[in-house]
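Before any comments, here is the structure.
Quick caveat, the model's predicted, so the values are computed rather than measured.
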Amino acid sequence: MRLLERRGFLAGFATLALFTVLAGDAWRNSISWYGFGALAAILATVSVAVLVRHRSSIRPGSLPWPLVAFLALATVSIAWSFYPGASAIGVLSQVITTLAAVAIALVLTGDEVLRALGWALRIILVLSILFELAVSLVVRAPVLPVWVTAADRVDPPLMLYWSRNLLLEGDRIQGIVGNSGLLGMIALIALIVFGVQLAAGTVRRLSGILWLVLAVAMLALTRSATITVALVAVLLVLGMILVLRRAVSPRARLAVFGGIVVVLAGVAGSALAFRPVLLGVLGKSDDLTGRLDIWDAVIGLATQRPVFGWGWVSFWAPWVEPFDDLVTRNGVIQLHAHNAWLDVWLQLGVVGLLVFGALVATTAIRSWLLATNRVVTRPGDRGSFSSLSLLPPLLLTALLVQSLAESRLLIEGGWVLLVILAVTTKLGMLGRLRRTPANSRAGAARAA
């Protein structure tokens with residue numbers, strides 16, 4: 001089908017796919033899990049069709065080996081899983097989301113990926129504001145998702161509400177995603193994407209500034225402690241990259257690296273020394289809002305199967321042991337470890353941690369190299385830095401900080417963004433290694 005080759009169709013597919021993985025709860029809360037399942041099936045089918053249609057332009061070895069190894073390990077874990085049926089569902093979900101990410105990363109250019117991500121984020125932010133305004137001005141009461149049963153509607157836990165009708169009260173809003181922490185993460189990603197677009201000149205200046213203001217406003221309205229820490233980390237990484245870009249000689253670069261190590265050590269030491277004060281400023285209790293209890297439960301379970309884990313399941317399946325009564329907070333069964341690394345250890349053991357760590361580490365190294373080294377397009381040229389190459393390290397920094405308090409890096413939006421970064425940065429490095437003008441430009445574009 002020629003439709004699958006049209007750039008407009010591919011851009012629309014990428015925008016819808018990115019919106020769906022970033023704001024999946026918006027679909028589930030409005031059209032039910034069945035409607036969301038139908039949409040996911042359609043997107044999966046289109047992803048496969050796009051990959052098949054463009055197979056001739058996809059080079060062998062485009063996928064990073066740690067990504068392939070992780071998916072293979074998750075799949076074979078069904079053999080030793082304590083809950084094989086739930087593992088099969090989890091693996092299928094992981095493969096479907098990976099297919100969408102790979103289709104976007106391999107078929108679209110870097111500019112197109114950035115544009116699609118920007119549009120998906122804009123739609124989420126605008127709909128979130130409109131949704132919360134409608135709840136506060138029209139409904140004037142908290143709103144529950146459509147899938148909540150009649151029994152749960154009698155006295156539902158706070159965590160079940162889609163919107164708590166808090167916009168006009170000045171409290172934390174949840175937007176169309178139904179979670180203030182998740183909405184805050186989306187706002188942070190939007191801040192990074194809009195900033196990169198503005199720096200690269202791919203959007204009009206006034207429009208770019210207005211979208212940046214909206215992203216900052218959303219960060220203020222969600223007030224997530226985790227996202228506040230992630231924002232500080234992103235700014236630190238941005239500062240390091242910009243300083244390193246100005247260092248020309250090897251000696252200057254070595255001095256910058258030394259300064260970076262000193263700064264990081266100082267920040268880490270200060271955070272440990274003033275931990276109670278920082279937790280108070282961020283509005284967190286000493287147990288990190290119950291996370292320490294969750295982590296203790298997860299660690300206790302993981303140590304029973306430390307090498308290969310209990311079997312991959314992605315988000316926990318609350319209908320099977322041991323997740324049916326592992327952790328319950330405020331009347332709601334918890335569906336993840338609130339730490340991606342603990343979740344990997346629990347489900348795939350130390351072996352899974354090593355493979356997942358390799359995926360993250362190789363992506364981080366490539367992102368850093370692409371952002372801090374000049375792009376040389378012809379012999380004798382001094383080269384230049386790409387504003388678009390700032391996106392991978394900044395986006396990965398935000399995802400990794402979030403992974404310490406949430407497990408979103410392993411599912412939906414977090415996983416799709418990680419896969420896109422892993423694939424595009426590998427393609428970007430391959431383009432630079434070939435050292436031809438065409439490939440250098442293509443590599444720099446895909447790295448964005």
Side-chain angles (χ1 to χ4, degrees), residues 17 20-21 24 28 33-34 36-45 47-48 51-52 63-103 294 297-327 333-360 362 403 406-419 422-423:
T20 300
V21 296
R28 291 186 284 267
W33 277 87
Y34 297 105
F36 173 76
L39 177 60
I42 293 172
L43 288 173
T45 302
S47 299
V48 173
L51 288 171
V52 171
L63 299 183
W65 69 262
L67 173 61
V68 177
F70 185 83
L71 291 174
L73 180 62
T75 302
V76 298
S77 74
I78 298 175
W80 64 77
S81 173
F82 188 78
Y83 30 79
S87 282
I89 295 174
V91 170
L92 177 62
S93 174
Q94 205 75 29
V95 171
I96 288 175
T97 52
T98 303
L99 284 174
V102 170
I294 297 174
V298 171
I299 292 172
L301 198 60
T303 53
Q304 297 179 30
R305 291 188 172 193
V307 180
F308 290 102
W310 289 70
W312 184 252
V313 72
S314 185
F315 254 27
W316 300 349
W319 62 86
V320 298
E321 294 184 40
F323 303 122
D324 54 350
D325 62 351
L326 182 59
V327 182
I333 297 176
Q334 297 300 292
L335 301 180
H336 62 102
H338 287 274
N339 184 295
W341 303 89
L342 286 180
D343 246 327
V344 173
W345 181 31
L346 171 67
Q347 299 178 39
L348 295 179
V350 175
V351 175
L353 267 180
L354 292 174
V355 177
F356 183 70
L359 173 61
V360 172
T362 52
S403 74
E406 304 286 342
S407 297
R408 294 278 176 177
L409 186 60
L410 304 176
I411 65 161
E412 296 189 324
W415 177 254
V416 166
L417 290 177
L418 177 60
V419 172
V423 175

| Residues forming a side chain to side chain donor-acceptor pair (under 3.5 Å) with Ser81, sequence neighbours excluded |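 With neighbours one apart ignored, the set is Ser87.
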Would you indicate whether [X], at its atom [atom1], is surrounded by more than 12 heavy atoms from other residues, nucleotides or ligands within a distance under 6.0 Å?
{"X": "Phe315", "atom1": "CZ", "value": "yes"}
{"X": "Trp65", "atom1": "CH2", "value": "no"}
{"X": "Gln304", "atom1": "CD", "value": "yes"}

Any chance you could measure [X], atom [atom1], to [Y], atom [atom2], to the nearest 0.5 Å?
{"X": "Trp345", "Y": "Leu301", "atom1": "CH2", "atom2": "CG", "result": "10.0 Å"}
{"X": "Ile294", "Y": "Ile299", "atom1": "CD1", "atom2": "CD1", "result": "12.0 Å"}
{"X": "Leu346", "Y": "Asn339", "atom1": "CG", "atom2": "CG", "result": "11.0 Å"}
{"X": "Arg305", "Y": "Trp80", "atom1": "CZ", "atom2": "CH2", "result": "10.0 Å"}
{"X": "Leu99", "Y": "Leu43", "atom1": "CG", "atom2": "CG", "result": "11.5 Å"}
{"X": "Ile411", "Y": "His336", "atom1": "CD1", "atom2": "NE2", "result": "7.5 Å"}

| request: Describe, in one word, how the ring planes of Phe36 and Trp33 are oriented to each other, choosing from parallel (under 30°), tilted (30 to 60°) and perpendicular (over 60°). | output: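 Aromatic pair Phe36/Trp33 classed perpendicular.
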| task | Output every pair passing side chain to side chain donor-acceptor pair (under 3.5 Å) with a member in residues 310-319, not counting sequence neighbours, ordered by first then second residue. | result |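 Only Gln94-Trp312, Trp316-Asp343 qualify under side chain to side chain donor-acceptor pair (under 3.5 Å).
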| query | Do any pairs count as a side chain to side chain donor-acceptor pair (under 3.5 Å) and have a residue in residues 408-417, sequence neighbours left out, and if so which ones? | reply |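 Qualifying pairs: Arg28-Glu412, Thr98-Trp415.
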Can you name the nearest heavy-atom pair linking [X] to [Y], along with the distance?
{"X": "Ala103", "Y": "Ser47", "answer": "CB-O, 4.0 Å"}
{"X": "Leu73", "Y": "Val351", "answer": "CD2-CG1, 3.9 Å"}
{"X": "Ala86", "Y": "Ala317", "answer": "CB-CB, 3.9 Å"}
{"X": "Ala44", "Y": "Ile96", "answer": "CB-CG2, 3.7 Å"}
{"X": "Leu348", "Y": "Ala74", "answer": "CD2-CA, 4.1 Å"}
{"X": "Pro64", "Y": "Val423", "answer": "CD-CG2, 3.9 Å"}

| request: Check whether any side-chain heavy atom of Trp341 lies under 4.5 Å from a side-chain heavy atom of Ser403, and answer yes or no. | output: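 The answer is yes; the side chains approach within 4.5 Å.
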| Leu359 side chain near Leu418 side chain, heavy-atom distance below 4.5 Å |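 Yes; the side chains approach each other to less than 4.5 Å.
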| Has the side chain of Ser93 got a donor or acceptor atom that lies under 3.5 Å from a matching backbone atom of Gly90? |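 Not confirmed, Ser93 side chain does not pair with Gly90 backbone.
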